[in-house]
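In what follows, chains are A, B, ... by sequence order, proteins preceding strands, each numbered from 1.
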2 protein chains.
Amino acid sequence: MHNNKQNHRTTQQRKVILEELKKVKSHPAADEIYRMVRKRLPRISLGTVYRNLEVLSELKEIQQIELAGSLKRFDGNPENHYHLRCIICGRIDDAPFELENNLEKQMRTFTDYTIISHKLEFIGICPECSSKLP
Amino acid sequence: MHNNKQNHRTTQQRKVILEELKKVKSHPAADEIYRMVRKRLPRISLGTVYRNLEVLSELKEIQQIELAGSLKRFDGNPENHYHLRCIICGRIDDAPFELENNLEKQMRTFTDYTIISHKLEFIGICPECSSKLP
DNA sequence: GTACCTGCAAAGCTTTTGCAACTGG
DNA sequence: CCAGTTGCAAAAGCTTTGCAGGTAC
């Protein structure tokens, strides 16, 4: 994790990364951003891109979309259901309520996408971790 | 991607992986499953575990939880909003409607988790990909 | 018998990190 | 000046894959 207490500077690299990202609506991955930024700063490194994306997220200038990543968890229950994830210990519990078919119905009225399914995850602190907090 | 047309066999490895995963409600990652299964099949390899988790998902015996993985996408808009993901081309668009605060409220009445936020993603086929389908 | 599966090891891909040099304020 | 930042390269972490031998059916 990164230290939140740092004083952040406005470097060329940081500025250009932010500008390029704000320009597009394609939600690029880090290496795509690297490619975009290199057109203006040919000597920038991938490491710098990663570090700045982290800092810019902390500063709430951008956000990271973490859905559907490559680190997977597996669930012996094949039925569609929602999950609760603890931000402290990382445990995942099943959510105690049903899928909302309404959400997909709503979405269909608003877009031209063919909606196939949806994923909903709640983020919070599990009772066990709560009880251990100072 | 895996070939869906295969005839799948019931091997010891496949059977034990499924049994062990059904036993727990902890939503383990692949390497945790590997550790669990090795107690019964000490010579099993991690590769076999990965391959079988893939097959078992195809067979709808289990499911993969892909939320909050490590391959991230970045969004120049720091405001909380939902996304639409195309399963064909992988593009991500912003969803054209507002966050449902009701969802968190509902969840609070059902669990002892301290709910901090939620993530909702719709999966579908974007108009462009739809138009190219056979 | 043979298509499918396994163990092993190597490779792949994304992300993180140590380090010495550099720079914004 | 000096804490924060950078480029580079190596390392780390998770997942996939090539291969030769094994196995379910």
Side-chain angles (χ1 to χ4, degrees), chain A residues 1-21 27-59 61-74 90 92, chain B residues 1-21 27-59 61-74 90 92:
Chain A
M1 193 44 90
H2 211 272
N3 175 10
N4 283 321
K5 306 251 161 70
Q6 280 181 118
N7 295 311
H8 298 289
R9 290 178 188 165
T10 312
T11 61
Q12 265 310 293
Q13 291 87 337
R14 189 112 85 216
K15 196 162 149 288
V16 171
I17 289 169
L18 182 57
E19 284 173 8
E20 292 299 311
L21 185 52
H27 307 83
D31 71 308
E32 298 171 279
I33 296 171
Y34 175 52
R35 253 176 266 134
M36 289 156 51
V37 169
R38 249 195 318 186
K39 291 180 185 159
R40 293 174 56 188
L41 303 174
R43 295 188 41 72
I44 197 171
S45 74
L46 226 204
T48 296
V49 171
Y50 273 104
R51 279 182 291 225
N52 275 306
L53 289 169
E54 200 57 48
V55 171
L56 289 168
S57 298
E58 280 168 23
L59 297 176
E61 298 275 4
I62 66 170
Q63 71 171 304
Q64 306 192 4
I65 308 174
E66 298 196 324
L67 300 174
S70 66
L71 172 54
K72 296 174 188 121
R73 300 285 213 106
F74 296 88
I92 298 177
Chain B
M1 193 45 88
H2 211 273
N3 175 9
N4 283 320
K5 305 248 160 73
Q6 282 181 115
N7 295 311
H8 298 290
R9 292 176 184 166
T10 311
T11 62
Q12 266 311 292
Q13 290 88 337
R14 189 113 83 216
K15 197 163 149 286
V16 171
I17 289 170
L18 182 57
E19 283 173 10
E20 291 301 310
L21 184 53
H27 308 82
D31 71 308
E32 300 171 279
I33 296 170
Y34 175 52
R35 255 176 264 133
M36 290 156 50
V37 168
R38 248 196 318 185
K39 291 179 186 160
R40 292 174 57 187
L41 302 174
R43 295 187 42 72
I44 197 172
S45 74
L46 225 204
T48 296
V49 171
Y50 272 105
R51 279 182 290 225
N52 276 306
L53 290 170
E54 201 56 49
V55 172
L56 289 168
S57 298
E58 280 169 22
L59 296 176
E61 297 275 4
I62 67 170
Q63 70 171 306
Q64 306 192 3
I65 308 174
E66 299 196 325
L67 301 176
S70 64
L71 173 55
K72 295 174 188 122
R73 301 284 213 105
F74 297 87
I92 298 177

Between [X] and [N], is there a side-chain N or O to OP1/OP2 distance below 4.0 Å?
{"X": "B:Gln13", "N": "C:dG7", "result": "yes"}
{"X": "B:Thr48", "N": "C:dC5", "result": "no"}
{"X": "B:Thr10", "N": "D:dC25", "result": "yes"}
{"X": "A:Asn7", "N": "D:dC2", "result": "no"}
{"X": "A:His8", "N": "D:dT5", "result": "yes"}
{"X": "B:Thr11", "N": "D:dT23", "result": "no"}

Separation of [N] [atom2] from [X] [atom1] (nearest whole Å):
{"X": "A:Leu46", "N": "D:dA11", "atom1": "CG", "atom2": "P", "value": "18 Å"}
{"X": "A:Asp31", "N": "C:dT15", "atom1": "CG", "atom2": "P", "value": "8 Å"}
{"X": "A:Tyr50", "N": "C:dG18", "atom1": "OH", "atom2": "C1'", "value": "18 Å"}
{"X": "B:Asn52", "N": "D:dT23", "atom1": "CG", "atom2": "P", "value": "16 Å"}
{"X": "B:Leu53", "N": "C:dT6", "atom1": "CG", "atom2": "P", "value": "11 Å"}
{"X": "B:Gln12", "N": "D:dC25", "atom1": "CD", "atom2": "C1'", "value": "15 Å"}
{"X": "B:Glu54", "N": "D:dT16", "atom1": "CD", "atom2": "P", "value": "6 Å"}
{"X": "B:Leu56", "N": "C:dC4", "atom1": "CG", "atom2": "C1'", "value": "15 Å"}

Would you give the length of the straight line joining atom [atom1] of [X] to atom [atom2] of [Y], rounded to the nearest 0.5 angstrom?
{"X": "A:Glu58", "Y": "A:Asn52", "atom1": "CD", "atom2": "CG", "value": "10.5 Å"}
{"X": "A:Leu53", "Y": "A:Gln63", "atom1": "CG", "atom2": "CD", "value": "12.5 Å"}
{"X": "A:Gln12", "Y": "A:Glu19", "atom1": "CD", "atom2": "CD", "value": "8.0 Å"}

By nearest heavy atom, map B:Gly47 and B:Arg9 onto DNA chain D; which one lands nearer the 5' end?
B:Gly47

Quick check against the 3.5 Å criterion: does A:Glu32 have a side-chain atom that pairs as donor or acceptor with the backbone of A:Ala29?
yes

For A:Thr11, what residues pass the side-chain contact (heavy atoms from CB on, under 4.5 Å) criterion, not counting sequence neighbours?
A:Arg9, A:Gln13, A:Arg14

salt_bridge(A:Lys39, A:Glu20) N-O dist < 4.0 Å:
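No, A:Lys39 and A:Glu20 are not salt-bridged.
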
For residues [X] and [Y], report the shortest heavy-atom separation together with the two atoms involved.
{"X": "A:Ala30", "Y": "A:Leu46", "result": "O-CD2, 4.5 Å"}
{"X": "A:Val49", "Y": "A:Tyr34", "result": "CG2-CD1, 3.9 Å"}
{"X": "A:Ile33", "Y": "A:Pro28", "result": "CG1-CG, 3.6 Å"}

Kindly calculate the angle separating the two end axes of the helix from C:dG1-D:dC25 to C:dG25-D:dC1, each obtained from five base pairs, and round it to 10 degrees.
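End-to-end axis angle for the helix from C:dG1-D:dC25 to C:dG25-D:dC1: 40°, rounded to 10°.
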
Would the base of D:dG7 count as contacting A:Arg51 through its side chain, where contact means a donor and an acceptor less than 3.5 Å apart?
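Yes, a donor-acceptor pair under 3.5 Å.
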
Does a side-chain heavy-atom distance below 4.5 Å link B:Ile17 with B:Ile62?
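With C-beta onward as the side chain, the pair stays apart.
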
Close residues, residues 34-43 of chain B, relative to DNA chain C [heavy-atom separation under 4.0 Å]
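Within this stretch, B:Arg43 sit under 4.0 Å of the strand.
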
